[in-house]
Each structure stands twice: as C-alpha cells, then as structure tokens.
2 protein chains.
Amino acid sequence: MDRGTDADPPTPGPTTLHAPTHRETLWALEEAFGEGALVTVFGRCTVEYEGRAASSLGPGDRLLILKPDGSALVHTDENQSPVNWQPPGSEHRAAVRDGRLRVRSTRENPDERLDVRFERVHQFSGLPVTGGRSLEVTGSEADLKRRVLERPDLVEAGFTPLATERESAAGPIDVYGEDAEGTPVVVELKRKRVGPDAVGQLKRYVEAVSRERADDRSVRGLLVAPSVTDRARAMLEHDGLEFVAMAPPVSEESAESAESDSSSDSGESSDPSPSSAESDD
Amino acid sequence: MDRGTDADPPTPGPTTLHAPTHRETLWALEEAFGEGALVTVFGRCTVEYEGRAASSLGPGDRLLILKPDGSALVHTDENQSPVNWQPPGSEHRAAVRDGRLRVRSTRENPDERLDVRFERVHQFSGLPVTGGRSLEVTGSEADLKRRVLERPDLVEAGFTPLATERESAAGPIDVYGEDAEGTPVVVELKRKRVGPDAVGQLKRYVEAVSRERADDRSVRGLLVAPSVTDRARAMLEHDGLEFVAMAPPVSEESAESAESDSSSDSGESSDPSPSSAESDD
DNA sequence: CGTGCCAGGTGCCAT
DNA sequence: ATGGCACTTGGCACG
C-alpha cells in the first residue's frame, strides 16, 4: 500500500494517545474530525441521554465511537448493540467542564441529546476509515420474490403474478396475481419463520383487496415463508388463509467455494491455544 | 502476560500495537481474550458472512470490534449499525492464512460464520472494559402502562383495568378491562406514533376475545398512543376501533436538573472551532 | 430453547 | 420530511 510516499497522504494512519489530558483529547478530536476520521475514545465515563426517551448510565470504562457522518456509539463489554447511541446526522461537540471531558452529540427532529462525560480518558484514537461500504447480501426477501416471479409454479400450479408492491388501502402487497381459475391471490413473502404478525399483515391485505372488489368472488391470501409457528398456523386456518413453504434461495457463488483452499501454506501461526488464536480450520 | 505487578491489577490499561505484524496481532489477541478485554482491530480487510443470510464485502479500511461475550462488529465510517456482525455467544478464532490475518467468528443455532481477512493491520487495541452495564430508561411502553393503570380515567371515564398481559389466542393483551357499562375493552399501548401494524395487532386481539365470548356483547378495541398515521386512522374507523391520544410520561428527576450547572468554572477549554470542540453550552 | 413482542429499534425507499 | 416495512433485526420475558 502507498503508506510511505511523499504525495498527498491517502491514508495518514491512525493517531493514538495514551492517557491523554482532556485538553489533548480535545485537540485530537478536533483534528480527527477535520480529517474525516473515525474516533474512538476509551475511558471512565457516565452517559446521559434525553430525546425520544431518556436514560442514565453510571460510571464505568466504555468505548465511545464517533463517526464522521455524525453517528455516536457507546459500547460496554457485552452485547452487540450499543448501550447508548446517536444516529447519523448528529453534531458532535467536545468541551471540558468541571474537570471532565464532555462529548455532546445532538440532533433535531427529533430533538435529542447524548452526553458522555469522561472522568478519565485511557486512550484516544483517530482512525481514517475508508474503502468500500457496499455490501452484497443474498437470502433476503427480495431474493425470495425473484424466485417466486421466476418460478410461480413453485407457489402453485397455474399461479400467475400480475404485480409486485401493488398498492392497497392496507399497504403495498408483495406479490399480487391470480390462480388457475382467475381468482385474485394476495401473496405475502417472509424470508424466515413467521409468527402472528405476518398473518395479520396478510389478512389486512386480503381484506383490503376484497373491499376493493364488489363482486362476490373471494380473494385468496397466501403466505410464502420457510415455516410458521403453531399460533400463526392456527390464525391462518381460522382466517381461511393458506401457507406455502419456501425459503429464499442461496446464491451459487458464495456457498462453498470461499473456503476450498484448505491445504495451502499458512505463512505463520501461533500455538493452538484453548479458545483463541488457532491456526487450523 | 501479567502486565507488571503480581497482585491482580485492577485496571491493566489498554494495550495498543501500531502496524503490527500478523503474528504480533495474533499474540495480542490471545492475551487480550485471556484477560477478558474488548479488542479493536483497525486495518484493510474483506468480510464474508454466511448463515441466516450471506454477504460479501470488498476490501477497505474498517474497524473490527471483538467483545469478550462473543460479539463481533465490523464498522465502516458511516451508519450507526455495523456493516457485518456476529451475535453474543459466538466463538472468535484468529489465524494467519495465505499471508492474511483471518479472524473467524462462528456460532451454532443458527449456524453462521463471519470471516474478516486482514491484508494489513494498522492498529490493534486491547481495552479492559469494565463498570456498570445497567441502564435506566424512561419513556417506554412500560411507563405508559403504569400511567394507564394508575389513572384509568385518562383512558376513559369509567374504565376499569382487570388484567395486564392477558393471554388470548392471538397473543398477550397489554391491558384488558371493561368500560362503565361492563363491556370488555382490549387496550393496546404504543409509546410512539403508530402505523397500520399496531391497528392490525389490536384487531387480532379484539377478534380473539370476541371469539372467546359466545354472547353477542361486542368487544371494544382501544389503541392508546401519542398519535396515529392517516392510514392507521382509516383502518381504525373501518374496523370500529377507537383511539385515545396519550404519550408515555417523562420521569421527574431526569428532566432538567442534569444540566442546571451552567455557570460553573470550566477548568480548561479549547478555542471555539467551527464545528467541534466548543466550550460553551 | 422456541414464541411473542417491544425498541430511543435502524435502514431503505416510496410518496 | 413522513410513511410503510424489511432486517443476519437485537434484546427480554415467559412457557
């Protein structure tokens, strides 16, 4: 990588401070923001939030992440989701008040504010995060929809899709079509096992379409998903709705080929430890 | 390695490596995991995921967070949510393969795997995250429920709550009671403005209770929320359901007192810059 | 462990 | 901006 050239430094590299003073952290924050870097601050802090709800978090050592797009995240040592946060588009400010470093992130609409007060900063880092953000995902509901449109016979012999995202008084219908007899069919797609909510959703759509049509021809409702819970099945039967078992397809190229190089030379490896840093597959 | 003293070190402090070799990162990872630290790895990497769905992310500089509870997060420079992740309870392993550092996080039930392959590591940090994880939140649906139970007259004069989380064939009912005439009332609570989904939920509960009762006495359905969308209101009217505007209360102590110290001495402050590091309120 | 549901859900895309 | 909904939703509480 072009890390050491003299021309404009594409990747200035991380900036890290150990046990900095609050003033030093303030400087570093300003510089990192100016460079569009992602900032992490690790230290003993309290967190206060007020906005859509309100919350308070007592003192502890946590990791604060400030992104250049205005996002803020406060992470503890457990859970995947942050204990406190601020959405993208917020404004970050830092100041020293009462001997503590206060990082305040605010936004409007809705009006909300996050205050992280550091009694002590153990480490500051400014990280120039760049590179591709685009993610390819397969196995989504969109994939399932494509599958249904390509092979409507998998739903039911004689099924003919007529529209997707068809509007109704109850909202957009995933796939709308008709069966071999020309009866309207409302199809609701779910990429995974469904509960009562999906049945309710399908029912709303079916009723909306039924009301649109003055004729006595009944409208069929079809739930396409890998499986349903017991309660959902009972609701389906009670409401005269149908279920077709189908799962979103897995894309061909991502399946097994990625890890087929199981016999190559591993340049180096650590000794196999009980729970981490293994070198074998 | 036990960083210095022999007695248990209360806060060993962060461990940071700059542009480490893959082998050095491997060692540091192992040690950090052993100490129960939170690990951050910043570097140029690709990410592959396969499990409930599948995804692929091309090369770029990103921040990987590994928590001692098994969570893994891959963050880019934008968005509050990680671009890839692995839930708590996963197992993290690291190895060097084909000259790249591969961090693999796996779990079972469901079977899924996250592979982060670092072409180059810019920075490694092991952070001993500790301290309170408990968060007090107000303004939730539970607060709204308490409010309704304390002051049922705010819902409607003569309303009498009889049960909360009352079971029905369609699921648990937030608040179940009866009005001044003794007619059953199903109440669904929402902490914020609601759409069609909440109306559908309420309708399911009302119908379930109606089916339970053989008598001809109709069951009332009541949606309690701050507001409703147009479409939701139309659905309410069509289904003969009712709406009462009510928002969850804000707790008394968290409101304004937190920031009342607006005239204290600010020990130090940076010069006010355009968009960051301000020292005033 | 599965089922059901709230969440400061977030994010995406439509009007 | 608001609305409607999918999401590797996450997280919790309960059977």
Side-chain angles (χ1 to χ4, degrees), chain A residues 49-55 71 73 78-88 107-114 135 137-145 165 167-168 170-174 188-198 200-201 204-205 227-233 248, chain B residues 49-55 71-74 78-88 90 107 109-114 135 137-145 165 167-168 170-174 188-201 204-205 227-232 248:
Chain A
Y49 160 76
E50 188 164 353
R52 287 171 287 177
S55 73
S71 314
L73 306 168
E78 60 180 22
N79 274 352
Q80 164 181 351
S81 40
V83 65
N84 275 117
W85 68 93
Q86 199 70 253
R107 74 158 176 166
E108 306 170 359
N109 202 323
D111 228 307
E112 46 188 357
R113 181 185 67 204
L114 179 73
L135 182 72
V137 184
T138 66
S140 63
E141 181 181 304
D143 293 300
L144 181 56
K145 182 192 292 182
E165 307 304 324
E167 273 305 325
S168 80
I173 295 169
D174 282 343
E188 173 63 26
L189 305 172
K190 291 297 171 189
R191 65 174 299 278
K192 62 174 204 176
R193 183 175 175 86
V194 298
D197 52 344
Q201 198 178 347
R204 287 185 352 241
Y205 297 155
S227 61
V228 292
T229 65
D230 289 346
R231 185 173 272 173
R233 181 175 290 279
Chain B
Y49 160 76
E50 188 165 352
R52 288 171 288 179
S55 74
S71 314
L73 306 168
V74 180
E78 59 182 23
N79 274 354
Q80 163 181 353
S81 40
V83 64
N84 275 117
W85 68 93
Q86 198 72 249
S90 307
R107 74 158 176 167
N109 201 319
D111 228 305
E112 48 189 353
R113 181 185 67 204
L114 179 73
L135 181 73
V137 183
T138 67
S140 63
E141 181 180 303
D143 293 301
L144 181 56
K145 181 192 293 183
E165 308 304 324
E167 273 304 325
S168 80
I173 295 169
D174 282 343
E188 174 63 27
L189 305 172
K190 290 298 171 190
R191 65 173 299 279
K192 63 172 205 175
R193 183 175 176 87
V194 299
D197 52 344
V199 181
Q201 197 178 350
R204 291 191 340 249
Y205 297 157
S227 60
V228 293
T229 67
D230 288 347
R231 186 172 274 174

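It should be emphasised that the depicted structure is a prediction, and the values quoted were computed from it without experimental measurement. Lettering follows sequence order; numbering is per chain, from 1.
The residue E167(A) sits apart from the nucleic acid: no heavy atom pair falls under 4.0 Å. Among the heavy atoms of the strands lying under 4.0 Å from E112(B) is at least one base atom, whether or not backbone atoms are also near. Here S55(A) lies out of heavy-atom contact (under 4.0 Å) with every strand. Using a 4.0 Å heavy-atom distance criterion, A72(B) is classed as making no nucleic acid contact. Contact annotation for P82(B): no contact, since no heavy-atom pair falls under 4.0 Å across all strands. Counting non-hydrogen atoms under 4.0 angstrom, R107(B) reaches nothing in the nucleic acid. Here D230(B) lies out of heavy-atom contact (under 4.0 Å) with every strand.
Between dG11(D) and S81(A), a contact under 4.0 Å exists linking OP1 or OP2 to a side-chain N or O. Close to dT9(D), at under 4.0 Å from its OP1 or OP2, lies no side-chain N or O of W85(B). Not one side-chain nitrogen or oxygen of Y49(B) sits closer than 4.0 Å to the OP1 or OP2 atom of dC7(D). A sub-4.0 Å separation between OP1 or OP2 of dA7(C) and a side-chain N or O of R52(A) is absent. Dashed line: the shortest gap from a side-chain N or O of R193(B) to OP1 or OP2 of dG3(D) is under 4.0 Å. Side-chain nitrogen and oxygen atoms of Q80(A) include none within less than 4.0 Å of the OP1 or OP2 phosphate oxygen of dT9(D). OP1 or OP2 of dG9(C) has at least one side-chain nitrogen or oxygen of K192(B) nearer than 4.0 Å.
Ion pairing between K145(A) and E165(A) holds under the 4.0 Å rule for side-chain N and carboxylate O.
Distances were taken from every side-chain heavy atom of N109(A) (C-beta onward) to each of dT2(D), dT10(C), dG10(D); the shortest belongs to dT2(D). Side-chain proximity of P88(A) to dC6(C), dG8(C), dG11(C): nearest is dG11(C).
If you take atom P in dT8(D) and the same atom in dG4(D), they sit 23 Å apart, rounded to whole Å. Between the P atoms of dG11(D) and dG11(C), the separation comes to 15 Å (whole Å). To the nearest whole angstrom, the two P atoms, one in dG4(C) and one in dG8(C), are 22 Å apart.
One interatomic measurement links the two molecules: CZ of R231(B) to P of dC5(D), which rounds to 7 Å at whole-angstrom precision.
For the residue pair R107(B) and S90(B), no side-chain donor N or O sits within less than 3.5 Å of a side-chain acceptor on the partner.
A donor-acceptor distance shorter than 3.5 angstrom exists from the side chain of R191(A) to the backbone of R52(B), with no hydrogens or angles considered.
Counting distance only, with no hydrogens placed and no angle test, the side-chain atoms of N84(B) and the base atoms of dT8(D) include a donor-acceptor pair under 3.5 Å.
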